[in-house]
Amino acid sequence: MNTTLRAMSIAGLLVLSWLAFFPPPLAIAEPTEDIESATSVFSLLQEETVSTAIRREQPISQAPSNVYVITAEDIRQSGAPDVPTILRRIPGLEVMQVTGADFNVSVRGNNQLFANKMLVLVDGRSVYIDVQGFVFWKGLPVTLPEIKQIEVIKGPIAALYGFNAFDGVVNIITKSPEEMKGSTLQTAGGEIGTVSTAAVHAGIAGNLKYRVSGGYEQNHQWRRHSALAFRSYKFNSQAEYALPGQSKISVSSGLVYMNPHDGPMVGSGNAILTSGVKLPYANISYDNQGFFLRAYWNGFFADVDASPHPLLHRLITITDPGMNSNMGFAGNTYNIEGQHSIQIMDSGRLTYGLNYRHNTFSCGCISTFGKENRMGLYVQGEWSLLPSVNVIGGLRYDLHTQINPTYSPRLAVVYTPTAGHTVRAQASVAYRPPTLFETHEDVRVNPLVSNPFFPVSNPVLGSRNLQPERILSYELGYQGWFYRHRIRVRADIFYNRAMNLIGLESTPTMVTAINTGKTEIYGGEAGVEFQAASWLTGFANYSFQQIERNSTGLAQRGAPQSKVNAGLRGEWENGLSSDVTIHYVGPTSYPQAVSFDIFGVSPGTRIDGYTLLNLRAGYRFWEQVTADENRRSAEIAVSVFNALDDGHREHPLGDLIGRRVMAWLTLKL
């Protein structure tokens with residue numbers, strides 16, 4: 001608790017310093033006569049519109065799930081070079097950076113190495129790699145200037161999205177070609193060899209709208225600043241064609257190529273250093289008001305050098321059964337889905353859908369060629385029982401070639417006792433089936449030095465007998481507006497019970513994938529967002545979580561009990577802008593592989609609490625509105641990540657993370 005108070009005190013001092021350094025210009029000082037005159041000065045907070053919670057647009061206060069939104073302005077003002085860094089501000093979201101390339105993101109105490117329980121979408125298309133169960137956060141097929149908003153759902157939502165929406169959903173929604181009309185160029189560079197560039201061009205030609213983009217990114221390792229942690233090239237294209245009757249057809253494709261990529265760090269404590277990763281995709285969809293069809297293909301191809309963690313580098317090797325450490329991964333996902341939504345009288349709506357998915361996976365690290373089929377059917381009903389009460393219920397039935405059929409229900413009640421205030425209660429169930437890697441894995445861990453507890457090569461094997469992981473979640477939330485939409489308050493409490501978590505069981509002769517039992521986590525979050533003046537906005541939130549019952553082995557959960565986020569943002573008419581964000585994460589412990597203890601090189605299981613102070617200052621030195629209302633601009637900025645240089649690890653096996661300063665130039669033409 002003392003460390004939490006210390007972090008909050010630091011935040012308070014920084015806020016006061018910030019206000020002293022950036023006082024409001026006298027020309028826009030707030031009048032104090034009465035509230036009515038103040039409304040002419042304040043640009044009030046706007047309630048966001050979200051589409052992920054029920055697969056159609058609605059005000060965020062009416063969503064049947066716990067939804068947070070990161071806007072395009074949040075992204076610009078953050079000065080962050082990647083999405084996970086931006087997501088840190090959301091209460092209850094767990095962001096763990098392990099290396100310069102490897103991030104793990106999950107929700108409410110459920111984070112881990114090789115995190116596999118958060119579904120990530122880009123414009124509704126999954127970028128979660130089914131065959132291995134993780135997300136390349138540095139390999140997302142989108143550049144930062146293209147993002148319109150990021151919608152984050154905390155809590156299971158398998159009733160709509162099926163397998164993998166176990167902890168929740170991160171849906172990255174891009175700007176339409178019309179919203180990005182013209183050309184956008186962004187370049188940034190700074191310490192630790194960091195480079196981030198993006199070029200986007202969008203236009204309209206009759207009924208055709210299009211957008212093309214490309215980007216290059218890199219940064220060096222935190223542990224060795226002279227070595228690359230990752231380098232990526234990305235290209236994306238999108239075209240929309242308007243058809244009669246308010247319908248449209250959309251086609252998109254792209255490729256992300258990363259070489260190298262330092263990670264991901266796997267649960268056994270061994271880093272898989274990928275020397276080349278290709279993530280191609282192709283997508284086609286048809287929309288006509290309440291009906292849509294979508295088909296897409298995702299590829300995952302990687303040349304992998306399986307290398308132990310640096311602490312074990314001289315003690316063991318990791319190979320396939322043929323004693324090869326160089327492995328080739330090839331995964332394919334083919335998906336087709338459809339959905340229809342109809343209005344039922346004036347008080348109800350029915351949504352139903354179907355999707356089919358086929359996954360294939362080949363690698364020298366698995367016993368046989370892997371393939372699986374998935375089919376899901378879902379239905380969701382929305383009813384306005386009273387003008388102030390909405391009930392949302394849904395059920396999904398999933399078939400899978402490796403497990404028994406599953407049912408994923410969701411029930412939510414949204415009560416609006418008075419305008420601007422809502423109370424939400426919900427219960428939901430979700431599943432995550434074992435991946436093809438977890439069922440087919442066949443890897444060898446070979447000792448390089450004599451050890452009585454590790455005398456010979458040990459196989460690490462998957463299991464065809466694994467049951468799907470299951471979560472049961474309850475949540476109660478409140479959201480309310482005060483002072484004429486200048487203050488929003490949100491609070492939530494939750495209880496999650498996760499069962500059949502997949503981990504590893506070690507014996508003297510082998511390591512095998514097993515289901516390890518259950519984990520119970522409860523807690524809550526509370527936060528406020530405010531508009532203090534026409535030029536000043538801010539937020540603050542606090543998260544608490546308690547692990548009451550825990551699994552064993554590497555499936556054991558570790559989570560900070562307390563987290564604090566706070567920020568202030570100023571933006572003035574003369575083009576200047578500034579952003580200050582602080583994150584405090586409490587101490588915690590994580591499980592580790594027995595190989596570290598066997599060889600006596602254990603890094604320990606506990607990490608200290610840490611404080612991240614991130615700063616940005618910008619100046620928009622040119623802005624022009626053309627005759628066709630296209631807005632042109634040019635902006636320079638400087639951002640500082642971890643300005644206090646609080647060297648810390650976010651996992652015991654992770655790198656020591658320090659400070660990074662970057663300069664930015666963004667042109668909109």
(message) Quick one about Arg464 and Gln402 (side-chain donor to acceptor, distance below 3.5 Å, no hydrogens or angles considered), yes or no?
(response) no

(request) Using modelled atom types only, decide if a donor and an acceptor are shared between the side chain of Gln112 and the backbone of Pro591 within a distance under 3.5 Å. (result) no

(message) Looking at Lys371, I'd like to know if its NZ atom is crowded, meaning that more than 12 non-hydrogen atoms belonging to other residues, nucleotides or ligands lie closer than 6.0 Å.
(response) no

(request) Considering only NZ, NE, NH1 and NH2 on the basic side and carboxylate oxygens on the acidic side, decide whether Arg410 and Glu382 come within less than 4.0 Å. (result) no

(message) Under a 3.5 Å cutoff, is there a donor and acceptor pairing between the side chains of Tyr356 and Asn373?
(response) yes

(request) Any salt bridge (Lys or Arg N to Asp or Glu O under 4.0 Å) involving residues 272-281? Give me the pairs, sequence neighbours left out, ordered by first then second residue. (result) none

In residues 163-173, what donor-acceptor pairs under 3.5 Å come from side-chain atoms, sequence neighbours left out?
{"residue": "Asn164", "atom": "ND2", "partner": "Asp130", "partner atom": "OD1", "Å": "3.0"}
{"residue": "Asp167", "atom": "OD1", "partner": "Asn110", "partner atom": "ND2", "Å": "2.9"}
{"residue": "Asp167", "atom": "OD2", "partner": "Ser106", "partner atom": "OG", "Å": "2.3"}
{"residue": "Asp167", "atom": "OD2", "partner": "Asn110", "partner atom": "ND2", "Å": "3.3"}
{"residue": "Asn171", "atom": "OD1", "partner": "Gly124", "partner atom": "N", "Å": "3.4"}
{"residue": "Asn171", "atom": "ND2", "partner": "Thr52", "partner atom": "OG1", "Å": "3.1"}

(message) Between the side chains of Arg432 and Glu469, is the shortest nitrogen-to-carboxylate-oxygen separation below 4.0 Å, so that they form an ion pair?
(response) yes

(message) Between Arg357 and Asn335, is there a side-chain donor-acceptor contact under 3.5 Å, judged purely by atom types and distance?
(response) yes

(message) With salt bridge (Lys or Arg N to Asp or Glu O under 4.0 Å) as the rule and sequence neighbours excluded, what pairs involving residues 293-305 come up?
(response) Arg294-Glu337

(message) Do the side chains of Arg108 and Glu475 get close enough for a salt bridge, i.e. N-O under 4.0 angstrom?
(response) yes

(message) Side chains of Asn324 and Thr319 only: does a donor on one sit below 3.5 Å from an acceptor on the other?
(response) no

(request) Evaluate whether atom OH of Tyr210 has more than 12 neighbouring non-hydrogen atoms of other residues, nucleotides or ligands under 6.0 angstrom away. (result) yes

(message) Under 4.0 Å between a side-chain nitrogen and a carboxylate oxygen: does that hold for Lys148 and Glu179?
(response) yes

(request) Answer with yes or no whether the side chains of Gln556 and Tyr590 bring together a donor and an acceptor at under 3.5 Å. (result) no

(request) In plain terms, say whether Asp74 and Arg76 are close enough for a salt bridge, that is, a side-chain N and a carboxylate O under 4.0 Å apart. (result) no

(message) Taking the basic N atoms (NZ, or NE/NH1/NH2) and the acidic carboxylate oxygens, is any pair closer than 4.0 Å for Lys138 and Asp82?
(response) yes

(request) Look at atom CD of Glu57 and say whether more than 12 heavy atoms of other residues, nucleotides or ligands are closer to it than 6.0 Å. (result) no

